[in-house]
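Lettering of chains follows the sequences in order, A, B, ..., and the numbering in each one begins at 1. For the numbers below, each heavy atom of this structure counts, side chains included, while hydrogens, waters and symmetry mates do not.
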There are 2 protein chains.
Amino acid sequence: MAATLKDVAKLADVHSSTVSRVLRGNQDLRIPEETRRKIFAAAKVLNYYPDQTARSLRMKKSYSIGLILPDITNPFFARIARSIEICSYDTGYTMIVCNTDEDQAKEDHIMNSLFSRGIDGLIIAPVQNSIEHIRELKDQKFPFVLVDRFFDEMETNAVVSNNEDSAFDAVEYLVQNGHQRVAMIQGRKELYTIKKRVIGYKRAVEHFLLDNSPELIAGDGFCMEDGYEAAKQILNLDQKPTAILISGNLVTVGAIQAIIDMGLVIPDDISIVAYADNVFSPYLIKPLTTVSHPLTEIGTRAFELLKEHMESERPLPYSKIVVQSCFEERKSVKNLLA
Amino acid sequence: MAATLKDVAKLADVHSSTVSRVLRGNQDLRIPEETRRKIFAAAKVLNYYPDQTARSLRMKKSYSIGLILPDITNPFFARIARSIEICSYDTGYTMIVCNTDEDQAKEDHIMNSLFSRGIDGLIIAPVQNSIEHIRELKDQKFPFVLVDRFFDEMETNAVVSNNEDSAFDAVEYLVQNGHQRVAMIQGRKELYTIKKRVIGYKRAVEHFLLDNSPELIAGDGFCMEDGYEAAKQILNLDQKPTAILISGNLVTVGAIQAIIDMGLVIPDDISIVAYADNVFSPYLIKPLTTVSHPLTEIGTRAFELLKEHMESERPLPYSKIVVQSCFEERKSVKNLLA
DNA sequence: TTGAAAGCGCTACCAT
DNA sequence: ATGGTAGCGCTTTCAA
């Protein structure tokens, strides 16, 4: 059995409240060196570690945070989770990760379970089929930060990427390389980030007067098969595009596979720009021009923002932090003007 | 503020202990339907959720488990973590994941922190630079399960793969395809699983009377660069091998890159069998003959074993579960006999 | 069938 | 400078 404060107190021949004070290191109270020494010695002998459960109950603070993500198996979220974990570890918080699989009911259930466990704060990439439980967080003034996703209709803390701009920029880059017909394989349509990318894409198409046929936007879902099918569909159009903007790691692999299967060559026959994570790129043999997200920064800033809100006496104003995507030029885009 | 038992009791006009009994659903006590109804109604109205912290303190059981892994960012461990999380979620446990980065000091610290949080059990892929803290778990009769790694000198619960056999089998497969000089790029040398694979490889080399030059074993570490360097080194030997057995996802990518850079073609010039996870394979464009691990099964069985031990009244005997690797034949091995 | 009371281990307040 | 004590919210005996 683990030693308790009382055990230490008995061994050091003082009262348990004194032990608590000494071990918590309350500076302002001057405690004789002799007493401190006795107590530390006793704690050492008994290998005393404070019972966090009791502490949490008493202090109404658990030094733990919740992290709710779609799926930790996705390298994108794994990397964000990891950087949050590092921050938590460094500052004495314990992080509890849960996965929703994009299931709203599961998200609701997880949130309740985390609350009954007394988390001090929450970081969440919400499913976004419902907004009520998030609104309740606001109402309760509970500290939380959204990551990767945002509710445009509601002010909250959030750390998100500039998806709309990065999609616009990607198309602009293709235009500068002489492309006039640019397709998009979008990934899961109803997702916040995807919607933003599509908006950026459309804005660019309009702005640069590109071919705006609706068939140029295809795909739904994040599996390899989704990418494979969408690419086939697009490349079988009468008016084939010269370039494709692709969203999603596995979608990209699927699309490349389709291109190979159709006997086409990147970038000679078709140019590619992909939203693909840096964690993912090493796994690919083909060099790829990519738009990627600063995942470590997203995690770090989300944690810092949360910490600020958790440790503030009074409610703080919300911050929406927009991090910049990173564009990396590699040999998957042909310059048609050259 | 969250509602407490007392709040519910007041609203339902009964004592809090009665509420506790009813809400815990103690069957054996017959409580009038009327009372139950009142209590459930009150709980509903107040949106009551039990305070797990208080419950844990009282019951000396937290319904939480710890999971200590090298790095959740590694798809191998991410997949194991995910399957354990699913099991936990389904059975009402909360899982706390921590990463060691293969740092023994960090592992020790994490274990203490998890204990002071009152976890009921632990699943761990240990760094293995030290064995003392694991021995202590045994001494304390604390429920724990090792995954992926094992201490040959100590009996414990564990779920591991048959690395030695799978390496032997992989070499045998190459022999059956006519290969007589088989190299090995080993990954991080001092790792338990790697040592086992090397033993299996060496046993096969001896058994099938293959070229046993020590230069045929190369590499140390799990980065792409490690794989790249090791492959170059091996392929620059005077007596080049005809096949390589590679350990590690990124190591494999690095090795393939080196092969491409040297102007060689797989499998025409060099055959490859890789220890690569199924989660990883989709990311590769080149088809690869692989040895992979049943990650979901590893996680599931580890959790089930842990649960058995956590919920048993008396200490149970330890189980070492060996799961079978999966060999998948694809077009990266040339048949020299054909 | 239900209420009263003790106590899990800790911290913080009030004494001295 | 230190001890005593109350109480966080819950479960669980013991009484009635």
Side-chain angles (χ1 to χ4, degrees), chain A residues 1-40 42-43 46-64 92 112-113 115-120, chain B residues 1-40 42-43 46-64 92 112-113 115-120:
Chain A
M1 276 297 105
T4 72
L5 268 187
K6 267 193 180 163
D7 299 330
V8 179
K10 201 185 297 177
L11 187 60
D13 200 32
V14 290
H15 195 264
S16 64
S17 58
T18 308
V19 179
S20 173
R21 272 186 295 247
V22 170
L23 261 31
R24 288 275 74 73
N26 257 330
Q27 332 285 77
D28 39 33
L29 308 173
R30 263 199 308 283
I31 287 157
E33 205 42 56
E34 169 61 8
T35 311
R36 305 181 86 83
R37 209 195 39 69
K38 277 197 309 191
I39 290 174
F40 279 116
L46 297 174
N47 189 32
Y48 171 78
Y49 278 87
D51 181 323
Q52 283 298 337
T53 308
R55 236 174 140 231
S56 303
L57 179 61
R58 177 62 231 242
M59 312 217 322
K60 301 236 154 243
K61 177 152 171 60
S62 66
Y63 284 97
S64 69
N112 283 327
S113 132
F115 286 134
S116 73
R117 289 211 119 82
I119 52 168
D120 300 335
Chain B
M1 276 296 106
T4 72
L5 269 187
K6 267 193 179 164
D7 299 330
V8 179
K10 199 185 297 177
L11 187 61
D13 200 33
V14 291
H15 195 264
S16 63
S17 58
T18 308
V19 179
S20 173
R21 273 184 292 247
V22 170
L23 261 31
R24 289 275 73 73
N26 256 330
Q27 332 285 77
D28 38 34
L29 308 173
R30 261 199 308 284
I31 287 155
E33 204 43 55
E34 169 62 10
T35 312
R36 305 183 87 84
R37 209 196 39 69
K38 277 198 308 192
I39 290 174
F40 280 117
L46 298 173
N47 190 31
Y48 171 79
Y49 278 87
D51 181 322
Q52 283 298 338
T53 308
R55 251 188 120 212
S56 301
L57 179 61
R58 178 61 231 242
M59 312 216 322
K60 302 237 153 240
K61 176 154 173 61
S62 65
Y63 284 97
S64 69
N112 284 327
S113 132
F115 285 134
S116 73
R117 289 212 120 80
I119 52 167
D120 300 335

Counting only heavy atoms not in B:Y48, do more than 12 sit closer than 6.0 Å to its OH atom?
yes

In whole Å, what is the span from the CG atom of A:L23 to the C1' atom of D:dT2?
15 Å

Criterion side-chain contact (heavy atoms from CB on, under 4.5 Å) on A:S64 and B:R117, from CA distance to verdict:
CA-CA 10 Å; A:S64 69; B:R117 289 212 120 80; 4.0 Å; yes

For A:T53, give me all partners under side chain to side chain contact (heavy atoms under 4.5 Å, CB included), at least two apart in sequence or on another chain.
A:D51, B:T53, B:S56, B:L57

Over how many whole Å does the gap from A:D7 atom CG to C:dC10 atom C1' extend?
13 Å

Could you tell me how far apart B:K61 (NZ) and C:dG7 (P) are, to the nearest whole angstrom?
24 Å

Closest approach of B:D7 and B:A2, non-hydrogen atoms and distance?
OD2-O, 4.3 Å

Could you tell me which residues satisfy side chain to side chain donor-acceptor pair (under 3.5 Å) with B:T35, sequence neighbours excluded, listed by chain and number?
none

Look at the side chain of B:S62 and the backbone N and O of B:G118, then say whether any donor-acceptor pair between them is shorter than 3.5 Å.
yes

If the helix axis at each end comes from five base pairs, how far does the helix from C:dT1-D:dA16 to C:dT16-D:dA1 deviate from straight, to 10°?
50°

Going by atom type alone, with no hydrogens or angles, which donor-acceptor pairs under 3.5 Å involve a side-chain atom of residues 8-19 of chain A and a protein atom two or more places apart or on another chain?
from  : atom 1 : to    : atom 2 : distance (Å)
A:H15 : ND1    : A:S17 : N      : 3.1
A:H15 : ND1    : A:S17 : OG     : 3.0

Could you tell me how far apart B:K38 (NZ) and C:dT2 (C1') are, to the nearest whole angstrom?
11 Å

May I ask you to verify if any side-chain N or O of B:S20 is less than 4.0 angstrom from the OP1 or OP2 atom of D:dC10?
no

What one-letter contact string describes nucleotides 4-9 of chain D from 5' to 3', where B marks a base within less than 4.0 Å of any protein heavy atom, S marks contact via sugar-phosphate atoms alone, and - marks no contact?
BBBBBB

Answer with base, sugar-phosphate or nothing: what part of the nucleic acid does A:T35 contact at a heavy-atom distance below 4.0 Å?
sugar-phosphate

Atom-pair distance (CZ on A:R24; C1' on C:dG9), nearest Å
12 Å

For B:E34, give me all partners under side chain to side chain contact (heavy atoms under 4.5 Å, CB included), at least two apart in sequence or on another chain.
B:R37, B:K38

